[in-house]
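The structure appears right after this line, and notes come after that.
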Amino acid sequence: SAKRHGRNVSQRFRPALDVQNSPHMALVYGLRDALANGDQLELHYQTQHRIMDGAVVGMEALLRWRHPEHGIVSPADFIPLAERHGLMGPLGNWVIDEALAQMSRWRDLGLPQLPVWINISAIQMFQGELETALSAGLARHGIEPAQLGLELTESVLLDERAGDIVPRLEALRAKGHRIAIDDFGMGYSSLSYLKNLPLDKLKLDRAFIRSLPDDPADAAIVSAVLAMARGLGLDVVAEGVETHGQLEFLRQAGCRLVQGYLYARPGPADVIEAQWRALTSDAAGLVLRAEPSV
Ligand code: C2E
Ligand code: MG
Ligand code: MG
Ligand code: MG
């Protein structure tokens, strides 16, 4: 029963079956081992592009778990497990350190310095380790906070366990980090909190992009979000752009930035690095310049 587990433990995370022997517990133990050894975890990177000229303006780091038997396990499957079973703190810290380590390797190779955005879980916000892990990692790898963006979902921003999020976001921004709302539009009270939270960017969820340009409701929502963001001085990145039709709609609606398979799929650091080298040695290498204002 929920009572047995204490008042702060949500019932829905505690199925009434023998969890110790369930298949998902096997994954949890596997993930714990992966964290201890480190060699099954990887970050992949997906570039973000300016529509106007295709320039790469940054990239998102996406966690991958290469399971010895199951192959690549999707973060959509193992991150909720990690959150439920006390592994998200260490996992989040691993992501921070690995992203910064990779950024310092790219810098040492002389590759263009592009901002990298990492995803932050609610647990990292309310356990209060985030700021410490960020400062330690930035110092260890010699990276400027302005180069490391933080993506938070609406549910993270509204999680009461995180306390008053406004001063914390303000402090992170004062250090130089930029803050994005991820999956924008999929949560609740989207509009009221936009007034109060210190933010730089909205990432428009791909649920709204998928049926563009034909779906009139999605077209209206996307146009309205773009107009609103312009008024609020926020950048918008459209997520999950897969077709030229979607891209053309977004361009005409005034969207500047996109991320999606149409431009690039997420890939391991060495693949991304090879793409950079190919492009920078090309006469058209200009597409790789980082845009200072984004
Ligand atoms: P997200 O942060 O919204 O990341 C974007 C997801 O969309 C990624 O899925 C990416 O591979 C996928 N994507 C990008 N372009 C396209 C496209 O054109 N079409 C389609 N269909 N998908 C596209 P992925 O890598 O499976 O990650 C899923 C989610 O897992 C992420 O959603 C994020 O919420 C979470 N996640 C991933 N890495 C981390 C991490 O390091 N920490 C935390 N806390 N969460 C993470
Ligand atoms: Mg994200
Ligand atoms: Mg997203
Ligand atoms: Mg998502």
Side-chain angles (χ1 to χ4, degrees), residues 31 34-35 38 40-49 56 58-66 71-85 87-102 115-127 129-130 133-134 137 148-157 159 162 178-187 190 199-212 225 235-247 250 257-269 271-272:
L31 188 54
L35 262 170
Q40 295 170 22
L41 297 173
E42 290 172 33
L43 286 182
H44 283 192
Y45 298 87
Q46 185 180 29
T47 47
Q48 301 175 339
H49 297 256
V56 178
M59 50 191 149
E60 178 174 8
L62 294 159
L63 187 55
R64 297 290 180 262
W65 176 18
R66 209 176 281 281
I72 297 262
V73 186
S74 165
D77 293 328
F78 70 83
I79 285 185
L81 281 184
E83 288 177 333
R84 245 173 274 172
H85 295 277
L87 296 174
M88 195 60 229
L91 201 54
N93 290 344
W94 185 88
V95 168
I96 290 169
D97 195 70
E98 176 55 27
L100 291 166
Q102 185 58 55
V116 172
W117 295 78
I118 57 174
N119 293 283
I120 302 296
S121 157
I123 299 215
Q124 290 171 279
M125 289 310 286
F126 69 73
Q127 287 184 342
E129 281 180 37
L130 178 67
L134 288 172
L148 189 70
L150 310 176
E151 297 190 1
L152 301 97
T153 61
E154 293 169 71
S155 58
V156 174
L157 293 167
D159 193 315
R178 276 170 298 166
I179 313 283
I181 297 192
D182 206 351
D183 306 340
F184 180 75
M186 296 308 280
S190 308
L199 300 167
D200 300 282
K201 192 178 262 192
L202 307 181
K203 297 192 76 183
L204 193 48
D205 195 86
R206 75 167 177 272
F208 300 108
I209 309 300
R210 193 178 293 128
S211 309
L212 294 179
V225 169
D235 272 320
V236 175
V237 182
E239 293 193 280
V241 176
E242 296 184 354
T243 70
H244 287 285
Q246 292 165 348
L247 183 70
L250 289 163
L257 306 170
V258 288
Q259 182 179 342
Y261 295 170
L262 181 65
Y263 282 94
R265 287 180 179 259
V271 172
I272 301 299

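Hydrogens, waters and symmetry mates play no part in the numbers below; they use all other heavy atoms, side chains included. Because the structure is predicted, anything quoted here is derived from the model rather than measured. Order of appearance sets the numbers: ligands from 1, and atoms from 1 within every ligand.
- For ligand 1 and Val95, the ligand atoms under 4.0 Å from any heavy atom of the residue are 41 (O).
- Residues Glu60 and Gln259 have side chains that bring a donor and an acceptor to within less than 3.5 angstrom of each other.
- The distance criterion of under 3.5 Å between nitrogen or oxygen atoms is met by Gln46 with respect to ligand 1.
- For Glu60 atom OE2 and Glu151 atom OE1, the angle they make at the Mg ion (ligand 2) is roughly 90°, to 10 degrees.
- The Mg ion (ligand 2) has no N, O or S atom of Asp183 closer than 2.8 Å.
- The backbone N or O of Met186 sits less than 3.5 Å from a side-chain atom of Glu154, completing a donor-acceptor pair.
- For ligand 1, the atoms sitting less than 4.0 Å from at least one non-hydrogen atom of Gly260 are 15 (N), 18 (O), numbered in the order shown with element in parentheses.
- Contact between Met88 and ligand 1 is present, with at least one heavy atom of the residue lying under 4.0 Å from the ligand.
- In terms of polar-atom proximity, defined here as any N/O pair under 3.5 Å, Arg64 does make such a contact with ligand 1.
- Interface of Val241 with ligand 1, defined as ligand atoms under 4.0 Å from a residue heavy atom, comprises 18 (O).
- For a distance bound of 2.8 Å, the N, O or S atoms of Asn119 include one lying that close to the Mg ion (ligand 2).
- For the pair Asp200 (side chain) and Ile179 (backbone), a donor-acceptor distance under 3.5 Å is present.
- Classified by interplanar angle (parallel below 30°, tilted 30° to 60°, perpendicular above 60°), the ring pair Phe78/Trp65 is perpendicular.
- Under the 4.0 angstrom criterion for non-hydrogen atoms, Arg265 is not in contact with ligand 1.
- Distances from atom 7 (O) of ligand 1 to the heavy atoms of Arg206, Glu239, Lys203, Glu242 show the closest one on Arg206.
- Within the 2.8 Å limit, Asp182 places at least one N, O or S atom next to the Mg ion (ligand 3).
- Within the 4.0 Å heavy-atom criterion, the part of Asp183 lying near ligand 1 is the side chain and not the backbone.
- If you check the side chains of Glu42 and His44, you find a donor sitting under 3.5 Å from an acceptor.
- Among the atoms of Glu239, no N, O or S atom falls under 2.8 Å of the Mg ion (ligand 2).
- Of the possible polar contacts, none joining the Gln102 side chain to the Ala99 backbone as a donor-acceptor pair under 3.5 Å is found.
- Under 4.0 angstrom from ligand 1, the non-hydrogen atoms of Glu60 all belong to its side chain.
- Below 4.0 Å from some heavy atom of Leu62 lie the following atoms of ligand 1, by number and element: 4 (O), 8 (C), 10 (C), 11 (O), 25 (O), 37 (C), 38 (N).
- In the vicinity of Pro266, heavy-atom distances shorter than 4.0 Å reach the ligand 1 atoms 11 (O).
- Side chain of Gln246 to main chain of Arg210: a donor-acceptor pair is present (N/O by atom type, distance under 3.5 Å, no hydrogens or angles).
- The two residues Ala122 and Glu83 have their closest heavy-atom pair at N-OE2, 4.3 Å.
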Check your understanding: Given Leu43 and Trp94, is the side chain to side chain contact (heavy atoms under 4.5 Å, CB included) satisfied, shown in steps?
Key -> CA-CA 10 Å; Leu43 286 182; Trp94 185 88; 4.0 Å; yes

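- Of all atoms in ligand 1, listed by their number and element, those nearer than 4.0 Å to a heavy atom of Ile79 are 36 (N), 39 (C), 40 (C), 42 (N), 43 (C), 45 (N), 46 (C).
- Atom CG of Leu262 sits about 9.0 Å away from atom NE2 of His49, to the nearest 0.5 Å.
- For Glu242 and Arg206, the salt-bridge test fails: no basic side-chain N is under 4.0 Å from an acidic carboxylate O.
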